2 protein chains.
Amino acid sequence: MKGYLPHISYDSVVFGFAEGRLKILIMKYHNTGYFALPGGFVRSTENLNDAVKRGLKERTGLDKIYLEQFYTFGSVERHQPATMKTILKANKLPLKDYGWLAERFISIAYYALIDYSKVNPTPDTLSDSVGWYEIHDLPELIFNHQEIVDKALETLRLNLDRKLIGTNLLPNQFTMNELQKVHEVIKGEKLRRSSFQRKILSLDILKRHEKRFNGKAHKAPYLYSFIDNKE
Amino acid sequence: MKGYLPHISYDSVVFGFAEGRLKILIMKYHNTGYFALPGGFVRSTENLNDAVKRGLKERTGLDKIYLEQFYTFGSVERHQPATMKTILKANKLPLKDYGWLAERFISIAYYALIDYSKVNPTPDTLSDSVGWYEIHDLPELIFNHQEIVDKALETLRLNLDRKLIGTNLLPNQFTMNELQKVHEVIKGEKLRRSSFQRKILSLDILKRHEKRFNGKAHKAPYLYSFIDNKE
DNA sequence: ACCTATTGTCTCAAATTGCTACAATAAAAT
DNA sequence: ATTTTATTGTAGCAATTTGAGACAATAGGT
């Protein structure tokens, strides 16, 4: 317990984009072979959203993260005390102090969109690694974490056009082609180059910068950045 | 405590449609003048979703309800122990047994869509009335319940076209005009009759029945019902 | 028999999207 | 220096969807 709200946790699906693929952060627990989403708990006098931000800062080193709550998982089937007891034992943590971790939790799930290149994945005390995994090639995850990932991707897909969030997965400046690839990998389908470009530009949310000369033997693309406020 | 998960509650925004208006169920607490959304708590071995269904069944008498979770509110500002203590005092409930109600709660919010004509609003032990209020003409609500209502309506608006849910607010059979009014009142804008009709019919989700003769001096409209499964 | 309000549907204009084509161009190849 | 190659920016037209109005059909009143 020690200052945290009992039975309440959060899980986060941290999306990054690299090598043309959509990736998420997965933790591996010490000496168990168990894989899980990064998660945490809420202090007794802490805002839920702040708790999640705090946890993400610890795991990624990033401060201002695009973050969205998408579902709260509250089924009793989620509760698998044996799994958590195995993890505690592998970490030599006494049940008397840490047994509360093996109780039932209702977990609020968030997804985050971050610039892959800026992240410095940092394990916590229970885990010996935090790493990037391609979203369609994940190891087996504990509890219902695979379900959480699936729902995160589904929600991201639905929100992609409504909110203008693809840019959160890219560096400050990016080419139209990179943005299109982000959209394609989230939607899981190829998009027409000319239609995509026309659509995005008509939204008036991008600022055009100088070209990027990348040494390739063809016309150099313009760089764009996302315009936040436009009054 | 007594078998419930501490610090966890749910709130429900129950939508109904009557007199061309969108309404929701609001409870009034005994002897206090406090108004609130219908809510409740989760038993230690109960699915979150089942807890909400159980509560709605008690308040409305309905069994199969269209229900959707839309957000979990976890800010500390929600916590206003003085308000809850006033309610307990007005109900002559001793703090020693019921003080847990005045602690901090993280609340999972759901909205429900129901057939207004089928509901039988039933108060619980703390409240002396449950009644329908037009969504844009609510009394002042406790805690952050107004924020919850606002977010429920916003989510309903976003889901209206994506999911095919307008029919859940109407009786089994309804006219195209009634369905259009439901859409208009949720979106907060007038819709074109011919475009609306064309759009809805093209979805192939409605079955046409006989006409409804309502004694008015004009052409009688067809009745429709929602088709669930179509293979 | 005519009038009135509403319904179901058609039509054409306007806007959006799908798809192809083509000139521009950065650097490698000749 | 010229040609070649891969990619980019954008124009143009077809196909589709949506907006807006019009009109015949009709249930019941006058």
Side-chain angles (χ1 to χ4, degrees), chain A residues 17 19-20 157-158 160-164 166-167 170-227, chain B residues 17 19-20 157-158 160-164 166-167 170-227:
Chain A
F17 178 74
E19 296 127 31
R157 234 170 234 169
L158 290 170
L160 182 59
D161 294 320
R162 211 154 45 67
K163 315 185 171 190
L164 312 155
T167 56
L170 293 169
N172 251 12
Q173 297 202 353
F174 48 86
T175 66
M176 193 57 76
N177 195 317
E178 290 168 340
L179 184 58
Q180 182 177 338
K181 288 223 161 66
V182 166
H183 278 245
E184 286 178 342
V185 79
I186 290 175
K187 293 197 172 178
E189 62 182 0
K190 280 272 172 198
L191 300 173
R192 315 247 141 219
R193 192 172 59 93
S194 62
S195 301
F196 179 79
Q197 187 136 190
R198 178 175 49 194
K199 180 78 161 290
I200 295 288
L201 289 178
S202 76
L203 296 174
D204 276 333
I205 54 164
L206 295 188
K207 181 157 182 278
R208 180 183 279 189
H209 300 273
E210 74 287 2
K211 291 185 174 186
R212 173 204 281 171
F213 298 86
N214 53 7
K216 296 284 179 58
H218 53 73
K219 196 172 175 180
Y222 287 106
L223 284 168
Y224 294 89
S225 65
F226 181 66
I227 303 174
Chain B
F17 178 75
E19 294 126 31
R157 234 171 234 168
L158 290 171
L160 181 59
D161 293 319
R162 211 154 44 68
K163 315 187 173 193
L164 312 156
T167 56
L170 292 169
N172 251 11
Q173 298 202 351
F174 48 86
T175 67
M176 193 57 76
N177 195 311
E178 289 168 340
L179 184 58
Q180 182 177 339
K181 289 223 161 65
V182 166
H183 278 244
E184 286 177 344
V185 78
I186 290 175
K187 292 199 173 178
E189 61 182 359
K190 279 274 173 197
L191 300 173
R192 317 250 139 216
R193 190 171 60 90
S194 60
S195 303
F196 179 79
Q197 187 137 187
R198 179 175 48 192
K199 180 79 160 289
I200 295 287
L201 289 178
S202 76
L203 296 174
D204 277 331
I205 53 164
L206 295 187
K207 178 155 184 278
R208 180 183 278 187
H209 300 273
E210 73 286 3
K211 292 186 173 185
R212 173 203 281 169
F213 298 87
N214 53 6
K216 296 282 180 57
H218 55 72
K219 196 171 175 178
Y222 287 105
L223 284 169
Y224 294 89
S225 65
F226 180 66
I227 303 175

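Quick caveat: nothing in here was measured; it's all calculated off a predicted structure. Chain letters run A, B, ... following the sequence lines, proteins first and then strands; every chain starts at 1.
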query: Listed in order of residue number, which residues of residues 215-223 of chain A have a non-hydrogen atom at under 4.0 Å from DNA chain C?
result: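 Output list: A/G215, A/K216, A/A217, A/H218, A/K219, A/A220.
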Take the protein atom [atom1] of [X] and the nucleotide atom [atom2] of [N], then report the distance between them rounded to whole Å.
| X | N | atom1 | atom2 | result |
| --- | --- | --- | --- | --- |
| A/Q197 | C/dT17 | CD | C1' | 15 Å |
| A/E189 | C/dG18 | CD | C1' | 13 Å |
| B/K190 | D/dT18 | NZ | C1' | 19 Å |
| B/R198 | C/dT11 | CZ | P | 12 Å |
| B/R212 | C/dG8 | CZ | P | 11 Å |
| A/R193 | D/dT10 | CZ | P | 11 Å |
| A/Q180 | D/dT7 | CD | C1' | 12 Å |

task: Could you tell me whether a side-chain N or O of B/R212 sits under 3.5 Å from a main-chain N or O of B/A220, the two making a donor and an acceptor?
output: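 Absent.
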Closest to the [X] side chain, choosing from [options]:
| X | options | result |
| --- | --- | --- |
| B/F213 | D/dG28, D/dG9, C/dT7 | D/dG28 |
| A/K199 | D/dA20, D/dT8, C/dT17 | C/dT17 |
| B/R192 | D/dA20, D/dA22, D/dT10 | D/dA20 |

- prompt: 5'-most contact on DNA chain D: A/T175 or B/N214, nearest heavy atom basis?
  reply: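 Its nucleotide being nearer the 5' end, the pick is A/T175.
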- prompt: If we only count heavy atoms from C-beta on, is the A/F17 to A/V185 side-chain gap below 4.5 Å?
  reply: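 Yes, their side chains come closer than 4.5 Å.
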message: So B/N177, base contact, sugar-phosphate only, or nothing? Heavy-atom distance under 4.0 Å.
response: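 B/N177: backbone/sugar contact only, no base atoms under 4.0 Å.
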- prompt: Has the side chain of A/S194 got a donor or acceptor atom sitting under 3.5 Å from an opposite partner on the base of C/dT20?
  reply: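 Present.
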